[in-house]
Structures are given as structure tokens and as C-alpha cells.
Participant: 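Before I ask anything, here is the structure I am working with.
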Amino acid sequence: MENIIENNYKYLALRDAMISPNMKVNLLAVVVESGVPKKSKGTDYVCTLKIMDASHKDPGLSVNFFAEDMGKLPHVKSSGDIISLHHVMIKIHNGDVNAVFNKKYSSFALFGAEPSDDVNPYQISSKFKLTDNDKELITRLRTWLLDHQFDAGANAYLLQMREINAGRYFDLVCKILHVCEVPEHGWILFVWDGTDASPASFDTSLDDEAQNPLPLQLEHSPLSRDVLSTFPRVGTVLRIFAGKFFEELGLKSLGIGQWVKFRNIVCQLRSGLWHGLLTSSCRLRILSDEDTIVMQRQRFYSDRLTSGLDILPLSSFPWPSRTTETDYEGMTFSTLIDVLTHSKVTAIFKCAVRVVAIYPWRVDDFRSPVGTCVYRIRLTLEDPTARIHAYVYGDDGETFFNGYPPADVLTTKINKLLGITESNSSEDECNAPRNPPWVQCCIKSYYLDKSNPWETRRYKIFGTKLIG
DNA sequence: TTGGGG
């Protein structure tokens with residue numbers, strides 16, 4: 001895209017514009033990331049677009065738009081669209097170059113990027129003068145773009161969900177799967193990128209499991225099966241607590257299924273579950289489904305599904321531990337979201353899970369003190385997609401523990417299952433940090449009340465033996 | 001005026 005002179009406007013290559021501080025320039029470029037309009041600290045509304053052209057791709061040029069109402073700001077339909085900017089001011093701030101769209105003397109027009117799109121802009125600001133030459137340049141740029149891909153820009157801050165750490169600010173490209181408003185938390189976003197967040201260690205007391213059981217999810221009431229059924233089979237669904245930033249970032253206007261890039265978000269662990277937080281320093285970018293990074297994430301997910309074994313948690317690679325054996329070695333693995341969303345109440349599954357809590361936790365309490373003295377234990381199982389309670393009961397418990405071993409053997413076995421190491425199990429066993437291994441187990445879904453099967457659905461372990 | 005990647 002060489003410099004082109006026409007009747008009224010000389011479009012500068014971004015590279016040349018960016019060495020022209022305090023100059024008013026005209027630019028014809030591709031919008032690679034579009035920010036969301038919001039209220040400025042002054043009297044105006046503001047939004048920031050990032051643009052690129054052949055002369056400057058990385059990291060692109062930020063253009064800050066100001067207008068007295070939101071409707072006058074650019075509303076980019078899709079990243080990759082083309083923008084024509086007339087009389088924008090190049091400025092330098094802290095050594096970085098950006099452009100400013102001034103409502104008094106600047107103007108813009110937005111065009112689709114496809115050669116089949118209208119040669120007329122889909123949005124045009126009041127002062128923009130569209131010339132025949134503009135139309136000619138747009139057509140030429142569209143043709144050029146057929147062979148040249150711009151993306152939303154990977155950078156040092158961009159992480160996949162599998163890479164997130166507590167307390168570290170980062171960017172996340174993700175798909176919005178669900179949004180809900182809860183009284184205590186405000187808005188919660190449910191987002192996904194096809195990878196698994198890394199498993200947590202637990203330092204909560206198992207002694208407390210009766211009064212304060214480890215939660216199955218961060219939202220207070222579990223999502224309905226209808227909602228869960230819309231979630232992908234693999235990959236962590238990260239809960240992002242948006243607070244007041246839900247409205248400020250314009251998240252309200254986004255549709256389910258939209259891919260976005262959150263910039264500068266932070267994650268924390270609560271009860272061993274990852275959640276994201278939005279702050280005033282966060283930014284949101286709306287991405288196209290054709291964005292390079294979006295397509296990478298989607299390809300990763302479809303590869304995981306088609307390669308069979310990769311439905312296993314990423315961190316269980318190459319295989320779950322041999323802490324357990326099942327009677328169904330040939331059975332294909334399911335994820336816990338598969339279990340939760342299965343179309344029938346009665347079903348069997350084999351899953352790779354971690355046992356993150358147990359109740360009761362003292363081996364002396366594993367069996368009922370009265371009557372037939374059967375095992376009755378509640379395990380909290382998790383995989384990257386969900387948590388469930390699963391019971392070890394009666395004969396299935398006899399299989400699980402290989403009969404009725406003495407207390408010290410049982411303790412060794414259960415410590416291994418819970419990831420409690422010998423070194424920290426001696427003194428204060430119930431408070432020892434634990435890092436449960438990935439184990440395979442068979443899960444049976446059943447009901448307690450035939451007249452009300454879905455509401456009384458339970459899960460139990462069967463066909464599974466703890467090696468210990 | 002405003003905002004401007006960390």
C-alpha cells in the first residue's frame with residue numbers, strides 16, 4: 001500500500017504517519033481490534049481502535065475517538081474491516097505513538113473487507129467526504145487483503161487458560177458461553193478457550209467438609225442442565241466476575257458465542273476453582289470468528305475432540321496415575337460435563353478426575369457404625385469441566401478398597417488418592433496441603449425417586465479399585 | 001478535556 005495522492009487526500013502509510021507527530025494525517029487501514037465505546041472522564045464518549053497496514057503490522061496504531069454521543073463513535077462490525085480516517089492528529093504519549101480523532105476536524109468511514117461488500121461505507125461520520133478515488137482505493141485494498149491476514153495481535157501478555165497464574169495480569173482470547181446476574185456477585189461471565197486451567201492444590205481442612213463442604217461451583221446456584229448442555233465437552237469454563245465493569249466495558253451488548261480478547265484481567269483461585277476478575281484497567285476487544293488466534297483456539301478444540309485420548313485433562317498427560325484401576329479399560333473417557341448433561345438419568349461413564357474432598361475423611365468413619373457396617377463415603381470429584389459429588393457405597397466400596405483392610409492400609413490408600421504426602425500427613429493430617437493425582441474411575445448416574453428422577457439424580461463410583 | 005498497554 002504505497003502512498004497515494006488523489007484530489008483531496010493524501011493517505012499516508014502508517015509507518016510514515018507514525019514518524020509525523022503533531023501532524024494531521026489521512027489513513028486508510030485495517031481495524032484489527034475494536035474497543036467498546038464508553039464514557040470518558042470529560043464530557044465525551046470515547047473508544048479506541050487499533051489499526052494496521054502493510055507498512056506497520058505490530059503492534060498496530062491506536063486511534064482514540066471522541067464524540068459527544070455513542071452513536072457518533074465508530075461501530076466496527078467485524079475486526080478486519082477497513083477504515084478511512086481524514087485529519088486525525090498523530091500524538092506521542094510516553095514514547096508511544098497514537099492517533100486522535102477530534103470531533104471538530106476529523107472524519108471517518110468504515111467499510112467491509114470482502115470484495116463483494118458495498119463500495120459505500122457502512123458507517124460514515126458527518127464530515128467525511130467520500131470520493132471516487134476512495135472507492136477505487138478500497139477496492140484495491142480489498143483485493144490485496146485476500147492474500148494478507150491481519151490478526152488481533154499475539155503479544156507477551158496473551159495466555160491460554162492452561163497457562164494462567166494467580167495474581168498475574170494477562171490477556172485472554174476466549175468465547176463467551178453464558179452470562180448471568182446473581183444478587184451477591186453482580187454479573188458473571190462464563191468464558192472458554194478450549195484449554196484446561198491448571199489443577200490447584202488444596203489447603204482447606206477436610207475436617208470442615210461436614211459444615212463447609214468444598215463448593216461444586218463458584219456461582220451460588222448451579223447452572224441448569226439446559227445451560228450446561230450448551231457448553232463444550234472439554235476445556236475449562238472460567239467464571240469471570242465482572243462487577244460494575246460489565247456495563248462499563250459494554251459487555252451487555254455482546255452476544256453468546258462472541259469471541260473477545262480481555263486485556264489486563266487477573267485470575268485467582270477460590271476453593272481450588274479459578275475465577276477471573278475485571279478491574280478498571282481492563283480492556284475488551286471484540287474479535288471476528290475469522291481472527292487468526294480465534295481460529296487457532298477452535299482448531300485446538302476440534303483436534304482434542306477428534307484425537308480421542310485428548311479429551312483427557314491436559315495436565316494428566318500422558319495418562320492418569322495408576323492410583324486406581326477400573327473394570328472397563330477399553331471404555332472411552334467422558335468428561336464431567338458429559339456426565340452432568342447426559343440425556344438420560346441412568347448411565348455409566350469412565351472419567352479422569354481428581355478427588356478434591358472426601359466426607360467423612362477419617363478412615364474409622366468410612367463405614368456405617370450400625371447394621372451392616374457398609375462403606376458410605378462422599379467424594380468430591382473434579383475435572384477441568386466440572387465438579388460432582390460421587391458416593392462410594394456398599395459393595396462398590398468393597399471393590400474400591402479391596403475388601404476391608406486395616407486402618408493404616410486404608411489411610412495410606414486414601415492419602416494417595418487425595419494427594420496427601422507422607423511428610424505432611426503425620427501431625428495435622430486434615431490441614432495438610434494436598435495435590436490429588438489424576439485417577440480414572442467409573443461413575444454410575446442413577447436416581448433415588450423413580451417419580452422424580454432428574455431432581456433426585458445422584459452419582460456413585462463403581463467398577464473401580466484403589467491400588468494404594 | 002477526554003485516552004493512550006501492562
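All values below come from the heavy atoms of this structure, side chains included, with hydrogens, waters and symmetry mates left out. Remember, it's a predicted structure, so these values are computed and weren't measured experimentally. Here is the naming used below: chain letters follow the sequence lines, and residue numbers restart at 1 for every chain.
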Participant: Under the 3.5 Å rule, do the base of dG4(B) and the side chain of D96(A) count as making a donor-acceptor pair?
Facilitator: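 Result: no qualifying N/O pair found.
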Participant: What nucleic acid atoms does V100(A) come within less than 4.0 Å of, heavy atoms only: base, sugar-phosphate, or nothing?
Facilitator: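 Here V100(A) touches the bases of the nucleic acid.
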Participant: Check the distance between dG5(B)'s C1' and L172(A)'s CG and give it to me in whole angstrom.
Facilitator: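 Going from L172(A) (CG) to dG5(B) (C1'), I get 16 Å.
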Participant: Heavy atoms from C-beta onward define the side chain here; which of dG6(B), dT2(B), dG4(B) lies closest to that of D44(A)?
Facilitator: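 Between dG6(B), dT2(B), dG4(B), the one nearest the side chain of D44(A) would be dT2(B).
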Participant: Rounded to the Å, how far apart are H93(A) NE2 and dG4(B) P?
Facilitator: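 My rounded result for the distance is 9 Å.
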Participant: For the side chain of F66(A), counting heavy atoms from C-beta on, which of dG5(B), dG3(B), dT1(B) is nearest?
Facilitator: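 In terms of side-chain proximity for F66(A), the closest of dG5(B), dG3(B), dT1(B) is dG3(B).
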Participant: Heavy atoms from C-beta onward define the side chain here; which of dG5(B), dG3(B), dT1(B) lies closest to that of N98(A)?
Facilitator: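 Of the candidates, dG3(B) comes closest.
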Participant: Regarding dT1(B), can its base be found pairing with the side chain of K103(A) as donor and acceptor, where the two atoms are less than 3.5 Å apart?
Facilitator: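 Checked by distance alone, the answer is yes.
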Participant: Check whether the side chain of D171(A) and the base of dG5(B) form a donor-acceptor pair under 3.5 Å.
Facilitator: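 Indeed there is one.
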Participant: From CD1 of I265(A) over to C1' of dG5(B), roughly how many Å is that when rounded to an integer?
Facilitator: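 So the two atoms are 15 Å apart, to the nearest Å.
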Participant: As a test of reading the structure: which of dT1(B), dG4(B), dG5(B) is closest to the side chain of T43(A), going by heavy atoms?
Facilitator: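 Looking only at heavy atoms from C-beta outward on T43(A), the closest nucleotide is dT1(B).
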Participant: Are any of S62(A)'s side-chain N or O atoms less than 4.0 Å away from OP1 or OP2 of dG5(B)?
Facilitator: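 Result: yes.
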Participant: If I take atom NZ in residue K38(A) and atom C1' in nucleotide dG4(B), what distance separates them, rounded to the nearest angstrom?
Facilitator: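 After rounding, the reported distance stands at 12 Å.
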Participant: What nucleic acid atoms does F170(A) come within less than 4.0 Å of, heavy atoms only: base, sugar-phosphate, or nothing?
Facilitator: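 Base, at least one base atom sits under 4.0 Å.
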Participant: Please give, in whole Å, the distance from dG4(B) C1' to K41(A) NZ?
Facilitator: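 These atoms are roughly 11 Å apart.
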Participant: Could you give the side-chain donor-acceptor pairs of residues 213-220 of chain A under 3.5 Å, partners two or more places apart or in another chain?
Facilitator:
unit_1  : atom_1 : unit_2  : atom_2 : d
Q217(A) : NE2    : E219(A) : O      : 3.4
E219(A) : OE1    : R239(A) : NE     : 3.0
E219(A) : OE2    : R239(A) : NE     : 3.4
E219(A) : OE2    : R239(A) : NH2    : 2.7
H220(A) : ND1    : E184(A) : OE1    : 2.8

Participant: Can a side-chain donor-acceptor contact be found between S205(A) and D207(A) if the only test is distance below 3.5 angstrom?
Facilitator: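 Short answer, no.
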Participant: Whole angstrom is fine here: how far is it from CE in M70(A) over to C1' in dG3(B)?
Facilitator: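 The answer, rounded to whole Å, is 16 Å.
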Participant: Below 4.0 angstrom, N of the basic side chain to O of the carboxylate: do D16(A) and K10(A) qualify?
Facilitator: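 No, D16(A) and K10(A) are not salt-bridged.
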Participant: Taking N and O atoms by type only, does the side chain of Y157(A) place a donor or acceptor under 3.5 Å from a partner on the base of dG6(B)?
Facilitator: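 Such a pair is found, so the answer is yes.
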Participant: Rounded to the Å, how far apart are K104(A) NZ and dT2(B) C1'?
Facilitator: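 Distance, rounded to whole Å: 11 Å.
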Participant: Among M161(A), E163(A), R162(A), find the residue that satisfies the side-chain contact (heavy atoms from CB on, under 4.5 Å) test when tested with L159(A).
Facilitator: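 The single option meeting the side-chain contact (heavy atoms from CB on, under 4.5 Å) with L159(A) is E163(A).
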Participant: Sequence neighbours left out, what pairs pass ring pair (Phe, Tyr, Trp, His ring centres under 6.0 Å) with at least one residue falling in residues 164-183 of chain A?
Facilitator: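 Found H178(A)-F190(A).
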Participant: Given atom NZ of K50(A) and atom P of dG3(B), what is their separation to the nearest angstrom?
Facilitator: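 Those two atoms, NZ and P, are 17 Å apart.
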